[in-house]
Protein chains: 2
Amino acid sequence: MPPRERPAEYAILGLLATEESGSHGYDLARSFSEGEPLAEILRLEPGMLYHHLKRLERAGAVSQSTIQTGSRPPRQIYQLTESGRERLISWLQSPVEHTREIRLEFLVKLYFARQLAPDLAAKLIEMQLSTLRELRESLGQREPADPFLTSVTELRQSQTDAAIRWLESLQPV
Amino acid sequence: MPPRERPAEYAILGLLATEESGSHGYDLARSFSEGEPLAEILRLEPGMLYHHLKRLERAGAVSQSTIQTGSRPPRQIYQLTESGRERLISWLQSPVEHTREIRLEFLVKLYFARQLAPDLAAKLIEMQLSTLRELRESLGQREPADPFLTSVTELRQSQTDAAIRWLESLQPV
DNA sequence: AGAGCCATGTAAGAGGTTACATGATTAG
DNA sequence: CTAATCATGTAACCTCTTACATGGCTCT
């Protein structure tokens, strides 16, 4: 699981973190369907959901057990493992590096950080702020010759400024 | 070629639009390599570049001719067709629909619109502004019950506001 | 009786990344 | 003589999207 972002998988871990007794695919799918807050920031079709569950199981982040339900297809119950919980927590404690990742990755982190531990959310916001402030600093120091690249930099600065101001507005919570 | 964005293919068309006599893959690749302004907004490795060229040829947007260069592998010269030019122009005249597409798609449009025809760039900026203003309007009318969704909406509003202000700063040009 | 829910997936394909294959030529 | 440049690609591998397959059960 290590390589990249894959926010969907962490969202699954996040959902399982609040379900002591585990949960099955169809159940998790509901959290990603229309009307649910998560669906506003992250879309996840059944096909991919089941795919991610298999991957997480192979990676040891969740454990799987089968429950017969009579006539229906048997439920695959997934539970967060200790290793899975550690990965989740460590992910929730790392800010995203680019402004464009605020809209998806960071929002997912924030959503679960708030649910699992409010102080974790506060720390996350603080770290994200200092990351973006550093980024903003480095954008300010560029001096491109090309007028087009000047515009590009100005766009990035203004997007980053907006994200910083938004984060600051969250902070007093 | 119709379905989706694929800004890289339009960037190729854009480069060919300023080369009456056509250009070959290796040559185009230079425009996407480090130090070039395009590389700041769009990365394109050789593998994908050649792949796109084949697609564009199949779609009739470029025409291909082979030139023997003695010992080296023969150059494949690509030229923009009339149909290709029409697609490019029509693409340059359509604003992007979401704020997140400003950073890539819109910047590519702006880059080539400015090079090909300044009045086209002015029109593009104007249309993009009205699209984003409409979007901003609709974001302002939401009233989510959930405090988390309120934050999400505030983030989107602030990002859209920043993009609008940036576009306005471009306009007097 | 038919619609929609439960519950799991597979299949096909679009689109992209990274790395490598080839083989001559030119620059240091 | 070695490294980089020219010039074309292929191969393997991911990720995600969309659509469908299966088949019983529940509600109206």
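A note on names: the letters A, B, ... follow the listed sequences, proteins ahead of strands, and every chain is numbered from 1. All values below come from the heavy atoms of this structure, side chains included, with hydrogens, waters and symmetry mates left out. What you see is a predicted model; the values in this text were computed from it and never measured.
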Quick check on dG9(C): is either OP1 or OP2 less than 4.0 Å from any side-chain nitrogen or oxygen of Y50(A)? no

The side chain of Q76(A) is closest to which nucleotide in this list: dC6(C), dC6(D), dG9(C)? dG9(C)

What is the distance, rounded to the nearest whole Å, between atom CD of Q64(B) and atom C1' of dT8(D)? 11 Å

Calculate the interatomic distance between H51(A) atom NE2 and dC16(D) atom P; express it in whole Å. 7 Å

Let me know the distance between CZ of R30(A) and C1' of dG4(C), rounded to the nearest Å. 14 Å

Bend angle of the helix from dA1(C)-dT28(D) to dG28(C)-dC1(D) from five-pair axes at both ends, rounded to 10°? 20°

Is it the case that over 12 heavy atoms from other parts of the model lie below 6.0 angstrom from the CD atom of Q93(A)? yes

Check whether any side-chain N or O of E36(B) sits under 3.5 Å from a backbone N or O of S33(B) as a donor-acceptor pair, and report yes or no. no

Does atom CD of E134(B) have more than 12 heavy-atom neighbours from other groups under 6.0 Å away? no

In whole angstroms, the gap separating P of dT8(D) from CG of L49(B) amounts to 9 Å

Rounded to whole angstrom units, what separation is found between the CZ atom of R55(B) and the P atom of dG13(C)? 15 Å

Contacts to DNA chain C from residues 37-48 of chain B, heavy-atom cutoff under 4.0 Å, which residues? E45(B), M48(B)

Is it true that the side chains of Q76(A) and H24(A) contain a donor and an acceptor less than 3.5 Å apart? no

Flag, side chain of Q159(B) to backbone of Q159(A), donor-acceptor distance under 3.5 Å: yes

Quick one: is dT8(D) close enough that its OP1 or OP2 comes under 4.0 Å of any side-chain N or O from K54(B)? no

Tell me which nucleotide among dG16(C), dC16(D), dC6(C) gets nearest to the side chain of H52(A). dC16(D)

Whole-Å gap separating P (dT8(C)) and CZ (R75(A)): 8 Å

Rounded to the nearest angstrom, tell me the gap between atom OH in Y26(A) and atom P in dC6(C). 4 Å

Base, sugar-phosphate, or nothing: which does H24(B) touch, judged by heavy atoms less than 4.0 Å apart? sugar-phosphate

Send over the distance from R6(B) CZ to dA14(C) C1', rounded to a whole Å. 8 Å

Exam field: side chain T131(A) to backbone P95(A), donor-acceptor pair closer than 3.5 Å: no

Could you tell me whether the side chain of S151(A) reaches within less than 4.5 Å of the side chain of R114(B), counting heavy atoms only? yes

Output yes when a side-chain donor or acceptor of Q171(A) lies under 3.5 Å from a complementary backbone atom of L167(A), and no otherwise. no

Could you tell me how the ring of F106(A) sits relative to the ring of W166(A): parallel (under 30°), tilted (30 to 60°) or perpendicular (over 60°)? perpendicular

